[in-house]
**Q** 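Before I ask anything, here is the structure I am working with.
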Amino acid sequence: MAYVLHEFKDTKASQLALSKAVSRDIKEEKLKHLALSGGRSPLGFFHFLRKEDLSWEDITVSLVDERVVDLNDKESNTNFIKKEFLQEKASKARFIPFLEHLNLEDKELLKFARSKFIQPDLAVLGMGSDGHFASLFANSLGFEEALKTTKNISLIEPQNAPFKRLSMSLKAIKACKKLFLLIQGGEKKEVFDRACLGIDTNLPISLILSDQEVLCNVYYSD
């Protein structure tokens with residue numbers, strides 16, 4: 001087992017506990033670089049963490065993954081992070097996006113993202129009901145490459161989700177000193193339980209949960 005499960009009855013309690021755990025690790029271990037996931041699930045966590053008394057001016061924030069859309073689009077993770085996280089005390093943090101210009105060939109998109117990448121100390125992941133994390137969707141174009149590459153960023157084209165994506169590779173995610181996974185609801189708990197049985201590339205999160213090199217703290221609420 002390469003994970004610790006923290007269970008809560010209430011989503012607010014889970015997200016508050018996660019914010020306290022992340023804040024504590026940043027303080028105690030002097031972590032400087034935080035990678036965050038998009039989507040609506042971590043919204044409460046963002047609102048709790050952005051209020052924490054941290055040396056935000058010394059902290060760099062980046063993304064676990066990004067959709068290749070206009071940065072002002074509501075589907076942009078950059079836009080979401082800026083509006084929902086980089087506020088209040090966290091407004092002092094430095095933010096590094098993966099994407100600036102949409103109208104680039106894939107090779108140039110990757111080149112830019114990789115040039116901006118700084119290895120995070122800590123990453124907070126989410127998980128889809130299909131078992132994907134970051135933008136590592138099973139059977140997507142670029143998925144196998146993202147699992148085996150030594151590069152930090154991969155380009156992913158999901159088969160069953162919109163938008164081309166730029167995502168941290170499996171290697172880059174596993175290189176984080178601290179990993180957290182936030183999930184909620186019975187449907188995702190069933191997926192999580194199946195992923196805990198062993199490595200199954202059809203459930204990409206199993207690659208983290210079964211990896212003995214990295215410990216993932218999982219925060220779950222009903």
Side-chain angles (χ1 to χ4, degrees), residues 1-3 5 35-42 62-70 73-78 80 97-99 102 104-114 117 119-120 123-176 179-214 216 218-220:
M1 182 175 71
Y3 64 90
L5 178 61
L36 300 174
S37 299
R40 305 303 297 180
S41 294
S62 62
L63 295 167
V64 171
D65 63 323
E66 177 61 289
R67 298 160 178 164
V68 183
V69 297
D70 189 281
D73 192 292
K74 65 179 182 179
E75 300 294 343
S76 163
N77 285 343
T78 292
F80 183 63
F98 286 170
L99 180 70
L102 291 179
L104 297 175
E105 295 182 358
D106 290 353
K107 184 177 180 180
E108 292 303 312
L109 285 171
L110 269 175
K111 182 179 179 181
F112 177 83
R114 288 172 175 170
F117 182 83
Q119 176 62 49
V124 180
L125 307 173
M127 184 194 77
S129 56
D130 58 357
H132 85 269
F133 67 100
S135 280
L136 304 186
F137 293 84
N139 302 314
S140 60
L141 187 61
F143 175 63
E144 293 296 332
E145 175 65 18
L147 300 189
K148 66 184 182 181
T149 186
T150 59
K151 302 293 186 182
N152 43 51
I153 302 291
S154 292
L155 189 70
I156 305 288
E157 293 188 55
Q159 301 300 302
N160 299 308
F163 313 116
K164 187 182 296 183
R165 320 283 181 109
L166 290 160
S167 176
M168 286 177 64
S169 65
L170 180 61
K171 177 181 180 293
I173 291 171
K174 286 168 55 176
C176 295
L179 275 185
F180 294 87
L181 173 64
L182 179 65
I183 56 175
Q184 59 192 56
E187 180 183 6
K188 289 190 178 181
K189 183 59 162 54
E190 289 180 9
V191 174
F192 171 81
D193 288 342
R194 284 192 283 123
C196 289
L197 297 176
I199 291 176
D200 178 356
T201 54
N202 289 314
L203 294 173
I205 194 64
S206 69
L207 299 167
I208 294 295
L209 301 176
S210 296
D211 193 290
Q212 298 303 313
E213 296 178 16
V214 59
C216 184
V218 182
Y219 283 71
Y220 166 74

**Q** Tell me if the CD atom of E213 is crowded by more than 12 foreign heavy atoms within 6.0 Å.
**A**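 Result for CD/E213: open.
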
**Q** Would K189 count as a cation-pi partner of Y220, with NZ or CZ less than 6.0 Å from the six-membered ring centre and within 45° of the ring normal?
**A**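 Relative to the ring axis of Y220, which defines the angle, K189 lies inside both limits.
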
**Q** Is there a donor-acceptor pair under 3.5 Å between the side chain of T149 and the backbone N or O of A146?
**A**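 No, the answer is negative, given that no donor and acceptor are paired below the 3.5 Å cut-off.
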
**Q** To the nearest 0.5 Å, what is the distance between CG (L36) and OG (S62)?
**A**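 The CG atom of L36 sits 7.5 Å away from the OG atom of S62.
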
**Q** Quick check against the 3.5 Å criterion: does S154 have a side-chain atom that pairs as donor or acceptor with the backbone of S167?
**A**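 Checked: no pair found.
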
**Q** Sub-3.5 Å donor-acceptor pair from the side chain of K188 to the main-chain atoms of M127, do we have one?
**A**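 Such a contact is found between K188 side chain and M127 backbone.
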
**Q** Please confirm whether the ring centroid of Y3 lies under 6.0 Å from the ring centroid of F180.
**A**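 For Y3 and F180, the ring centres are not under 6.0 Å apart.
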
**Q** Roughly how far apart are E75 CD and F80 CZ, rounded to 0.5 Å?
**A**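 Output value for this atom pair is 11.0 Å.
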
**Q** Can S41 and Q184 be counted as having a side-chain donor-acceptor contact under 3.5 angstrom?
**A**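 There is no such pair between these side chains.
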
**Q** Can you measure from SG (C196) to CG (L209) and round to the nearest 0.5 angstrom?
**A**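 Rounded to the nearest 0.5 Å, the SG-CG separation comes out at 5.0 Å.
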
**Q** Does atom CG (D70) have a neighbourhood of more than 12 heavy atoms from anything else shown, all under 6.0 Å?
**A**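 Yes, because the 6.0 Å sphere around CG of D70 holds more than 12 heavy atoms from other groups.
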
**Q** In Å and rounded to the nearest 0.5 Å, what is the CD to OG1 distance from E66 to T78?
**A**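 So the CD of E66 and the OG1 of T78 are separated by 4.0 Å.
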
**Q** Indicate yes or no: does D106 engage K164 in a salt bridge with an N to O separation below 4.0 Å.
**A**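 Yes, this pair counts.
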
**Q** Got a second to check how far L155's CG is from R165's CZ, nearest 0.5 Å?
**A**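 Rounded to the nearest 0.5 Å, the CG-CZ separation comes out at 11.0 Å.
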
**Q** Do any N or O atoms from the side chain of S210 and from the backbone of L207 form a donor-acceptor pair under 3.5 angstrom?
**A**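 Checking the backbone N and O of L207 against the side chain of S210, no donor-acceptor pair under 3.5 Å is found.
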
**Q** Can you tell me how far the CG atom of L99 sits from the CD1 atom of I153, to the nearest 0.5 Å?
**A**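 Result: 11.5 Å between the selected atoms.
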
